[in-house]
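Structure, as structure tokens:
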Amino acid sequence: MSVTPKGIPIILDLDPGHDDAIALLLALASPEVELLGVTTVYGNQTLEKTTANALRVLDLVGRDDMPVAPGADRPLVRDLTVASHVHGDSGLDGPVLAPPTRAALDERAVDFMDRTIAASDAPVTLVPTGPLTNVALLLERTGGANIDRIVLMGGAIAEGNMTPAAEFNIWADPEAAQAVFSSSIPTAMIGLDVTHQAVTTPAVIERLVATGQVGAFVADLVEFFSVYHRETYGWDGAPIHDAVAVAHLIRPGLVTTVHRNVEVELVSELCRGRTVVDLWRRTERDANADVGVALDTGGFFDLLVERIGRLA
Ligand code: BDR
Ligand code: CA
């Protein structure tokens, strides 16, 4: 009897969020990964709203079987800040979406991750695309047992987006991010240096719309998400940050990485949450992350359009 390979077991830890929603759709459509569940975190909006958004997106594609466990509603030690200026009041402004048809699990994210990872035959990959609070709490509890790797969207070698120095996910909970980078779990950092190469074009949007209903939903998400990026950067599109982390897992080689040391700035107010990447090996600090430095942009959008089309 032949056994169907199930793909790499993953848990997505999200704060949807326009690009988180697209990352979720990409994972659902991709047999290279087996999505064991979704955990949510505050970030782009409050926990209540990001959790509702995860459920709404799963409803849209008929996946009400997918467990959703709510996690942290605030950073480890910092005050809560949400990104309404980018993602709107709902956290997923733009497309018209029905309210969720079900509640999230009663089980909290860290409990869900702990139980699911312990029960998995194969080591699990975590894909966090929001602030790293849930992941830091999990590592504190389990030491990272049965986690294969962490592929996170966050950070930047160059400039940030929340501040000139720092990217939003890392800025939001820098102590949690430092806990992840200083853990012994192999970690990939998919930061702004690569995700700002994943900016949609009108041609990509046309291709998405042509795939059907889910593609049209993604196009609506991008339309709203582009407002902030047009005003800030002058782009005619939006970077699909979080989907690049999922794409890195599905299609190795799309993102070029280098193995380097990454530390998170915790003390300075001006540089809070900066990911200090020792790109040119100016220190003796040991490399602790595979840091994204380049993206095959065409390959990324070909993959995204093709996979979104599978959900139509
Ligand atoms: C990150 O912050 C959020 O706005 C996005 O969802 C992404 O995860 C980009 O800085
Ligand atoms: Ca996100």
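Every value quoted in this text rests on a predicted model; they were computed, and no experiment measured them. Whatever order the structure lists ligands and atoms in, that order sets their numbers, starting from 1.
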- Which protein heavy atom lies closest to atom 8 (O) of ligand 1, and at what distance to 0.1 Å? Asp242 OD1, 2.6 Å
- of all protein heavy atoms, closest to atom 3 (C) of ligand 1 is Asn44 OD1, 3.1 Å
Numbered atoms and elements of ligand 1 in range of [X], under 4.0 angstrom, heavy atoms:
| X | answer |
| --- | --- |
| Asp19 | 5 (C), 6 (O), 7 (C), 8 (O) |
| Glu167 | 1 (C), 2 (O), 9 (C), 10 (O) |
| Asn169 | 1 (C), 2 (O), 7 (C), 8 (O) |

- Report the C-alpha distance between Glu159 and Arg274 in whole Å, list the side-chain angles of each, state the deciding distance to 0.1 Å, and finish with yes or no for salt bridge (charged side-chain N to carboxylate O under 4.0 Å, His left out). CA-CA 9 Å; Glu159 76 268 19; Arg274 176 158 186 81; over 6 Å; no
Measuring only between side-chain heavy atoms, which start at C-beta, is [X] closer than 4.5 Å to [Y]?
| X | Y | answer |
| --- | --- | --- |
| Ile170 | Met162 | no |
| Arg141 | Asp114 | yes |
| Leu126 | Ile10 | no |

Is ligand 1 under 4.0 Å from a heavy atom in the side chain of [X], in the backbone, in both, or in neither?
| X | answer |
| --- | --- |
| Met162 | neither |
| Asp20 | side chain |
| Thr129 | backbone |

- Would you say His87 contacts ligand 1, with heavy atoms under 4.0 Å as the rule? yes
- Message: For ligand 1, which is the ligand I care about here, please tell me if Asn161 has any N or O atom under 3.5 Å from one of the ligand's N or O atoms.
- Response: yes
- Task: Look only at interatomic distance and state if Asp15 has a nitrogen or oxygen under 3.5 Å from any nitrogen or oxygen of ligand 1.
- Result: no
- Going by atom types only, do Ser90 and Gln45 share a side-chain donor-acceptor pair under 3.5 Å? no
- Query: Regarding Thr39 and Asp13, is there a side-chain donor-to-acceptor distance under 3.5 Å anywhere?
  - Reply: yes
- Interatomic distance, CG@Leu137 vs CD@Glu140, rounded to 0.5 Å, equals 6.0 Å
- Message: Please name the atom of Asp242, limited to N, O or S, that comes nearest to the Ca ion (ligand 2).
- Response: OD2
- Query: So, is Asp15 placed with an N/O/S atom under 3.0 Å from the Ca ion (ligand 2), counting both backbone and side chain?
  - Reply: yes
- Looking at the Ca ion (ligand 2), is one of the N, O or S atoms of Thr129 less than 3.0 Å from it? yes
- Query: So His196 and Tyr233, would you call those rings parallel, tilted or perpendicular, with 30° and 60° as cut-offs?
  - Reply: perpendicular
- Query: Under the criterion side-chain contact (heavy atoms from CB on, under 4.5 Å), which of Val135, Ile147, Thr125, Thr116 is the partner of Ile11?
  - Reply: Thr116
